[in-house]
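Lettering of chains follows the sequences in order, A, B, ..., and the numbering in each one begins at 1.
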Amino acid sequence: MEITLRDLITVLHGMGFGALFLLAFSGAVAEMYRMSSPAASAPSSRGKTMLYLYLGAMVILAWAAVLSGTYLAYPWYRAAPPAGITDLAMYPRYLLLSSPTTAQWHNFGMEWKEHVGWLAPIAMTMVAYIYGKYGRVLAYQRQIRLAAFVFVVVAFIATAIAGAFGAFLNKYAPVRGGPTIQIMQSK
Amino acid sequence: MTRMSDNTNTITNGPGAAAILAAGIGCFLIGLFFLFAEASPAAKSFFTFYKPSGALSGITTSAVAIWLVAWLLLARAWRKRNVNMWWVNLTAFLLLGLSLLLTFPPVIEMLLELGA
């Protein structure tokens with residue numbers, strides 16, 4: 001069983017960082033809702049630490065997803081083929097643009113994904129800061145709570161768009177190549 | 001409970017408002033710089049900070065840098081103040097809404113056609 005370095009990095013970008021970040025939203029929203037009630041019991045110091053670690057991990061995942069996408073996977077995706085190359089399998093952007101039936105996967109899908117995805121880390125960093133700064137006091141700061149909730153929802157939508165198009169793009173024009181890593185050998 | 005009430009009275013909303021408005025600005029700039037890069041080859045070239053990633057590298061780096069500076073300046077200005085959160089939220093939500101529109105390629109195409 002083997003995998004190429006580019007496959008591994010792309011999987012790490014999409015599944016390791018992006019999908020994990022997306023999965024974490026439900027927990028964040030549940031805790032935000034719980035903390036929004038003035039009647040909610042004050043979390044223990046351990047509970048508070050857990051919440052800060054949880055939101056901190058989400059921020060790290062969000063930044064890791066966009067940075068690995070922009071600076072690792074995207075350059076492989078948009079690499080230009082040398083003159084005379086007819087097999088575009090190793091050049092996903094050019095492969096998609098070579099046919100009118102797939103060109104919109106780049107012109108619409110990739111163009112949207114690569115920009116909208118960046119809204120998520122900015123939004124989540126702000127939300128994590130707000131919760132770290134105000135904690136339980138947020139129960140009495142309705143407007144700040146509302147803003148945090150709206151930004152979380154937008155971060156979720158942005159990540160879902162980026163993730164969905166990432167999955168589709170990887171179906172039609174996967175990023176391939178690079179050194180091969182042997183994971184397991186047959187007996 | 002008494003302690004909670006004390007906290008409520010002593011913690012101002014300024015730092016939170018600064019973070020919210022700055023996040024709105026940061027998100028909006030991603031969309032705005034994308035529009036600039038699509039509208040002008042010179043802007044596209046300017047935003048190409050890292051050639052393998054193209055203009056995306058400069059669009060995002062510039063937006064993130066300005067977001068952080070805006071956050072720092074607003075946080076300093078509003079550190080000990082209670083600001084009108086209604087206006088802050090309205091502005092931040094407008095910027096966030098615009099960022100969603102400006103990162104949507106059909107909207108960019110429409111704006112470029114209108115500008116042409």
State the [atom1]-[atom2] distance between [X] and [Y], to the nearest 0.5 angstrom.
{"X": "B:W87", "Y": "A:Q143", "atom1": "CH2", "atom2": "CD", "answer": "12.5 Å"}
{"X": "B:L56", "Y": "A:H115", "atom1": "CG", "atom2": "NE2", "answer": "5.0 Å"}
{"X": "B:S53", "Y": "A:W76", "atom1": "OG", "atom2": "CH2", "answer": "11.0 Å"}

Over all heavy atoms of both residues, which pair between [X] and [Y] is shortest? Give the atoms and the distance, please.
{"X": "B:A23", "Y": "A:I122", "result": "O-CG2, 3.8 Å"}
{"X": "A:Q141", "Y": "B:I11", "result": "NE2-O, 3.9 Å"}
{"X": "B:I20", "Y": "A:A147", "result": "CD1-CB, 3.5 Å"}
{"X": "A:M126", "Y": "B:A19", "result": "CG-O, 3.3 Å"}

- Given the rule that I, L, V, M, F, W and Y join up when any side-chain heavy atoms are under 4.5 Å apart, are B:L72 and B:V69 in one cluster?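 The answer is no; the residues belong to distinct hydrophobic clusters.
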- Task: Tell me whether A:L53 is reachable from A:F21 by hopping between hydrophobic residues (I, L, V, M, F, W, Y) whose side-chain heavy atoms are closer than 4.5 Å.
- Result: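 No: no chain of side-chain contacts under 4.5 Å links A:F21 to A:L53.
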Side-chain contact test, heavy atoms from C-beta onward, threshold under 4.5 Å: evaluate it for [X] versus [Y] and give yes or no.
{"X": "B:Y50", "Y": "A:T70", "answer": "no"}
{"X": "A:E111", "Y": "B:E38", "answer": "yes"}
{"X": "A:W118", "Y": "B:I59", "answer": "no"}

- Would you check, one step at a time, whether the test side-chain contact (heavy atoms from CB on, under 4.5 Å) holds for B:T60 with A:V66? CA-CA 10 Å; B:T60 53; A:V66 294; over 6 Å; no
Side chain, backbone, both or neither: which part of [X] has an atom under 4.5 Å from a heavy atom of chain B?
{"X": "A:Y129", "answer": "side chain"}
{"X": "A:L146", "answer": "both"}
{"X": "A:I130", "answer": "side chain"}
{"X": "A:V154", "answer": "side chain"}

- Check the pair A:T125 / B:W71 against side-chain contact (heavy atoms from CB on, under 4.5 Å), numbers first and verdict last. CA-CA 12 Å; A:T125 303; B:W71 189 355; 4.1 Å; yes
- Side-chain (A:Y134) to main-chain (B:G16) donor-acceptor, under 3.5 angstrom: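 Yes: the side chain of A:Y134 pairs with the backbone of B:G16.
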Under 4.5 Å from any heavy atom of chain A, what part of [X] do you find: side chain, backbone, both or neither?
{"X": "B:V64", "value": "side chain"}
{"X": "B:F93", "value": "side chain"}
{"X": "B:E109", "value": "neither"}
{"X": "B:N89", "value": "side chain"}

- Enumerate by number any residue of residues 96-108 of chain B whose heavy atoms lie under 4.5 Å from heavy atoms of chain A; in the absence of such residues, state 'none'.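 The list, in residue order, reads B:L96, B:S99, B:L100, B:T103, B:F104, B:P105, B:P106.
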- Query: For atom OH of A:Y33, is the number of surrounding heavy atoms from other residues, nucleotides or ligands below 6.0 Å larger than 12?
  - Reply: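 At most 12 heavy atoms, drawn from other residues, nucleotides or ligands, come within 6.0 Å of this atom.
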- Query: Are more than 12 heavy atoms from other residues, nucleotides or ligands located less than 6.0 Å from atom OH of A:Y172?
  - Reply: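 Open: at most 12 neighbouring heavy atoms sit under 6.0 Å from OH of A:Y172.
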- Query: When heavy-atom pairs shorter than 4.5 Å are enumerated against chain A, which of B:A63, B:A17, B:S57 gives the highest number?
  - Reply: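 If we count pairs closer than 4.5 Å to chain A, B:S57 comes out on top.
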- Query: In terms of heavy-atom pairs under 4.5 Å with chain A, which of B:A92, B:A22, B:P15 leads?
  - Reply: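 The residue among B:A92, B:A22, B:P15 with the greatest pair count is B:P15.
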